[in-house]
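Residues take their numbers from the sequence shown, with the count starting at 1. Order of appearance sets the numbers: ligands from 1, and atoms from 1 within every ligand.
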Amino acid sequence: MAQAVAQAMGDHARLVVEAGTGVGKTFAYLVPALLSGQRVLICTATKALQDQLHGRDLPQLLRALALPQRTALLKGRASYLCRQRLQLARQALATAHAAQLADIQLWAQGTQTGDLAELPGLDERSPVLALVTSTHDNCLGQGCPHFADCHVYQARRQALAADVLVINHHLFFADLAVRESGVARLLPDTGVVVFDEAHQLAETASQFLGQQLGTGQLHDLAQDLLAVGLRHAPALADWPAHGERLRQAARQWRLLAPEQAAAAPPGRLPWAGVAPAGWDATSWAGATAGAVLALRSCLAALDAVAHLAPDLAHLHQRTVDLLAHLARFSAPPDAGCVRWLDMAGQLRLREVPLDVGPALRALWQGLPAEPGAWDEPARPPAAPARGWVFTSATLGDDERLRWFTAACGIDEARVLRVDSPFDYAHQAALYVPRQLPEATDPAHSEQLAHWVADAALRLGGRTLVLTTSLRALQELAGVLGRRLAPGCGVELLVQGQAPKRRIMERFRAPPHATGYVLLGSASFWEGFDVPGSALQLLVIDRLPFPSPGDPLVQAHGARLKQQGRSAFRDYALPAAAVALKQGAGRLIRSEDDRGVLVVADQRLLRMGYGKRLLRALPAMRRLESEAEFAAALAALTRTSTTGSPWP
Ligand code: SF4
């Protein structure tokens with residue numbers, strides 16, 4: 001892999017590498033990138049990998065190779081404390097979050113970077129985070145009294161001066177979309193770009209090539225209007241009344257949402273003509289008109305005071321932008337785009353292009369993108385040739401890795417697949433229990449939960465259950481919560497019941513005489529690394545096909561049908577193969593790991609397409625019966641307690 005990466009960098013070529021678990025792909029791209037002597041941009045999907053690269057891997061390699069390159073880490077705005085917003089929050093909301101704001105204020109006095117990930121005990125789901133971080137909309141930039149010591153701009157200055165810069169996919173595309181942090185400026189003279197965790201690239205790109213408008217934006221505007229209006233122009237408008245009107249408009253949307261929508265998997269309502277499906281067109285038009293009226297009355301008030309302070313001028317621009325978004329969503333969706341209403345948490349209108357391949361192809365080739373692909377004037381710059389490397393443990397299930405390369409517009413790239421060095425035939429076993437109900441049976445989750453409880457009690461925990469839906473997660477959590485009673489030696493950890501970071505830390509390092517069953521959905525299927533014996537039983541509840549109720553899935557299916565292709569064979573099946581491989585990859589993370597993968601869905605063995613899915617998995621020993629499974633669990637228990645070899 002390192003040789004192929006060096007070659008691609010030298011030739012300014014595009015290289016896609018699928019590198020199985022344990023290959024050492026990070027060093028395999030970092031070493032040639034550092035030795036290339038070129039300026040390097042490394043993009044990861046997660047902040048956790050960003051931190052690991054910048055805090056551990058890069059310093060280690062630079063020391064070992066005795067190289068002098070300067071490195072920098074740059075995250076999105078939402079990761080850094082905004083001193084201005086902290087000050088506003090402390091003034092305006094002293095009672096609501098006073099204790100947490102005081103903690104942040106204390107930490108703010110000592111932090112060098114302002115990176116909120118450093119703040120001990122901070123819950124990543126805390127509503128306070130939105131109060132103390134900035135957005136492109138509300139940042140005052142050079143007009144800010146804290147500009148000189150602003151953490152966001154300090155990180156950006158360091159990024160622009162670095163030889164090796166570590167960013168994330170979101171920042172990469174956000175920056176191209178708004179040309180904000182200087183990454184787009186940096187790109188033209190970067191000789192090498194590496195995307196790690198590249199399997200997420202097309203989805204992230206589509207978010208930034210699309211549009212969205214949410215009730216959260218109305219609430220945020222209401223809150224900032226109150227804080228900023230009362231501060232700079234207290235007697236010049238009735239700011240509390242304007243804020244309340246915006247909140248009322250947001251509430252109206254929420255109240256009028258059809259009831260069944262909240263439960264419709266996966267929380268997305270397709271667009272049908274002039275309104276979301278199931279939504280009465282007249283009440284939708286009424287709710288939209290209410291939001292327009294509320295925004296217009298804010299705009300009238302801001303028109304009169306925008307010149308008084310940069311904060312007020314920013315609020316004015318935000319209001320104008322929100323009105324433009326509303327106008328856009330009042331017209332039919334653009335051709336080639338799919339629109340839907342997201343019902344998870346706030347209501348959010350989304351519209352994304354179905355095919356981001358052409359826009360991305362132009363980017364990789366250094367050409368200006370087609371007009372309309374990116375918002376003007378933020379088209380990616382025409383750039384000189386450079387080496388692009390895309391890598392991940394899972395990029396497809398065929399030799400050309402078409403699932404990834406076609407979606408990302410790099411069909412012509414060099415492709416390399418490097419198998420995992422682990423001995424799966426000896427380290428792991430695969431079991432598909434035949435006595436459980438069909439995966440489509442309503443009793444499936446409940447019976448699976450009892451089966452998992454029995455297995456986990458025998459194994460002493462060390463079990464990760466990955467579900468394909470939140471509904472299944474809740475059903476399993478209900479039964480497992482009752483079965484794993486206090487004192488049984490096995491504790492249940494459930495996604496969402498504590499910050500993800502804390503759940504992962506507990507699962508990785510169980511205290512003496514306690515084992516864990518961890519129940520997780522989407523975010524635990526990838527990037528969750530548990531080497532050692534803390535994880536020995538991995539259960540996947542169902543084959544991870546994309547949800548047929550998802551408007552995005554429906555739109556992809558309809559497009560393929562129009563092209564005379566099969567929505568199942570060409571979209572759902574490869575997506576399931578990639579997801580299954582991704583989830584199964586949690587089990588064996590080092591050459592000493594041993595474990596059993598259970599796929600509780602008999603379609604894997606019964607259906608013709610099961611063979612393709614099985615081929616996507618590493619070649620493991622197969623367990624054919626409950627007796628063989630029980631023997632494997634017993635052997636795992638012996639291995640953990642006595643160090644005896646796993647048969
Ligand atoms: S410049 Fe922007 S991000 Fe920095 S402190 Fe001011 S408002 Fe916050």
[X]: what forms a salt bridge (Lys or Arg N to Asp or Glu O under 4.0 Å) with it, not counting sequence neighbours?
X	result
D303	none
R70	D163
D238	none

Q. Will you find, in the side chains of R245 and Q248, an N or O donor that is under 3.5 Å from an N or O acceptor?
A.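 Absent: no donor and acceptor within the cut-off.
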Q) Would D149 and Q154 count as having a side-chain donor-acceptor pair, cut-off 3.5 Å? A) no
Q.
For a distance under 2.8 Å, give residue and atom name for each protein N, O or S atom next to atom 8 (Fe) of ligand 1.
A. C82 SG
Q.
Please list, in number order, the atoms of ligand 1 under 4.0 Å from a heavy atom of Y153.
A.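 In order of numbering, the contacting atoms are 1 (S).
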Q) For H199 and F404, what are the C-alpha separation, side-chain angles and deciding distance, and is it a ring pair (Phe, Tyr, Trp, His ring centres under 6.0 Å)? A) CA-CA 7 Å; H199 58 281; F404 173 74; 8.7 Å; no
